[in-house]
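Positions are given from 1 along the sequence.
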Amino acid sequence: MSPPSGLDLARERTTLDRRYSVQVKPVAEPVLLGKLHAWEVSLKRPSGLPVTGARFVVDGGMPQHHHGLPTQPRVTQELGEGRYLLEGVKFSMSGWWELKLSIDAAPGPDQVTFNLVLP
């Protein structure tokens, strides 16, 4: 099944309520199917100031297949300067995936969804 046309694949997005700017990137490329890997999450205020002390809930899955992530990824470490280590991410098949982050920090709760298409 092909992903929807015009799908936004940006790895930097503003959260739903515009409290944060969030960037995600894999620690190692390429992202391999069926393997556990880690991602770095960068969290900033819209002004560019890094956000520290944030808590995350991670969710996601394949919208077209109606299933979630095969693992339970979680943020395991604050790396400093608004950067966090997200571990335990696994994509079990090719196609369109969503990676959803619910964020809670001093500016307030918010959420963001990233679209990923894996070959």
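Expressed to the nearest 0.5 Å, how far CZ of Phe114 lies from CD of Glu98 amounts to 12.0 Å. For the atom pair Leu86 CG and Leu101 CG, the distance stands at 7.0 Å (nearest 0.5 Å). Interatomic distance, NZ of Lys90 versus CG of Leu36, reported as 6.0 Å (0.5 Å rounding). Summarising the geometry, atom OG belonging to Ser42 is positioned 9.5 Å from atom CD belonging to Glu81; distances are rounded to the nearest 0.5 Å.
A donor-acceptor pair under 3.5 Å is formed between the side chain of Thr71 and the backbone N or O of Gly88. For the pair Tyr20 (side chain) and Gly108 (backbone), a donor-acceptor distance under 3.5 Å is present. The backbone N or O of Pro107 sits less than 3.5 Å from a side-chain atom of Arg19, completing a donor-acceptor pair. The backbone N or O of Ala54 sits less than 3.5 Å from a side-chain atom of Tyr84, completing a donor-acceptor pair. Judged by distance alone, with hydrogens and angles left aside, the side-chain atoms of Glu87 form no donor-acceptor pair with the main-chain N or O of Gln77 at under 3.5 Å.
Heavy-atom minimum distance, Pro3 versus Leu7: CB-CD2, 4.0 Å. Nearest heavy-atom pair across Asp104 and Pro109 is OD1-N, 3.9 Å. Closest non-hydrogen pair, Arg11 versus Pro26, comes out as NH1-CD, 3.1 Å. Across Ala105 and Val51, no two heavy atoms sit closer than the pair CB-CG1, 3.7 Å. Between Val58 and Pro73, the shortest heavy-atom distance links the atoms CB-O, 3.6 Å. Across Thr113 and Lys100, no two heavy atoms sit closer than the pair OG1-CG, 3.6 Å.
Using a 4.5 Å cut-off between side-chain heavy atoms of Ile, Leu, Val, Met, Phe, Trp and Tyr, with links allowed through other members, Phe56 and Val24 fall into the same hydrophobic cluster. Placement of Leu16 and Val112 in two distinct hydrophobic clusters is found when ILVMFWY residues are connected by side-chain heavy-atom separations under 4.5 Å, directly or transitively. Grouping the Ile, Leu, Val, Met, Phe, Trp and Tyr side chains by contacts below 4.5 angstrom, directly or via other members, places Val27 with Leu79. Under a hydrophobic-cluster definition in which Ile, Leu, Val, Met, Phe, Trp and Tyr are linked whenever side-chain heavy atoms come within less than 4.5 Å, directly or via other members, Leu118 and Trp96 are assigned to different clusters.
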- Item | Arg45/Ser21 under side chain to side chain contact (heavy atoms under 4.5 Å, CB included): CA gap, chis, key distance, verdict | CA-CA 6 Å; Arg45 294 296 314 255; Ser21 174; over 6 Å; no
- Decide yes or no on ring-ring contact (aromatic ring centres under 6.0 Å, His included) for Trp97 and His67, but give the supporting numbers first. CA-CA 10 Å; Trp97 289 85; His67 66 76; 5.7 Å; yes
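Side-chain contact between Leu9 and Leu116 is absent, with no heavy atoms from C-beta onward closer than 4.5 Å. Leu85 places none of its side-chain heavy atoms less than 4.5 Å from the side chain of Val75.
In this structure, Arg18 does not pair ionically with Asp110, as no charged nitrogen and carboxylate oxygen lie closer than 4.0 Å.
By the 6.0 Å contact criterion, CD on Glu40 is enclosed, its count of non-hydrogen atoms from other residues, nucleotides or ligands being greater than 12. The number of heavy-atom neighbours closer than 6.0 Å to CD of Gln72, taken from other residues, nucleotides and ligands shown, is 12 or below.
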